[in-house]
**Q** 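Structure incoming, see below.
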Amino acid sequence: MPGGKVAGLRAVAQEGGGSAWLAVVIGSDGVRHAVTVSGTDGTITSNTTKDH
């Protein structure tokens, strides 16, 4: 999300074991996203909008 800002970050359990990061990102359009990032390789594994 170019221009987005991280509003929160916390460690969460990763599917299949290990840990991942859950970041709440506010896009430049004001939409909040819950983005999950793999703790293993840094890939985005989920991006869900939280409001519009």
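Quick caveat, the model's predicted, so the values are computed rather than measured. One-based numbering along the sequence shown.
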**Q** Which side-chain N or O atoms in residues 13-29 pair as donor and acceptor under 3.5 Å with protein atoms at least two apart or in another chain?
**A**
| unit_1 | atom_1 | unit_2 | atom_2 | d |
| --- | --- | --- | --- | --- |
| Gln14 | OE1 | Ser38 | OG | 3.4 |
| Gln14 | OE1 | Gly39 | N | 3.0 |
| Gln14 | NE2 | Thr40 | OG1 | 3.3 |
| Asp29 | OD1 | Val31 | N | 3.1 |

**Q** Other residues, nucleotides and ligands only: do more than 12 of their heavy atoms fall within 6.0 Å of CG on Leu9?
**A**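 Atom CG in Leu9 is packed in, count exceeds 12.
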
**Q** Looking only at non-hydrogen atoms, find the nearest pair between Lys50 and His33 and report the distance.
**A**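 Smallest heavy-atom distance, with atoms named: CG-C, 4.2 Å.
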
**Q** Let me check something: do Val6 and Ile44 share a hydrophobic cluster, defined by ILVMFWY side-chain heavy atoms less than 4.5 Å apart, either directly or through other members?
**A** yes

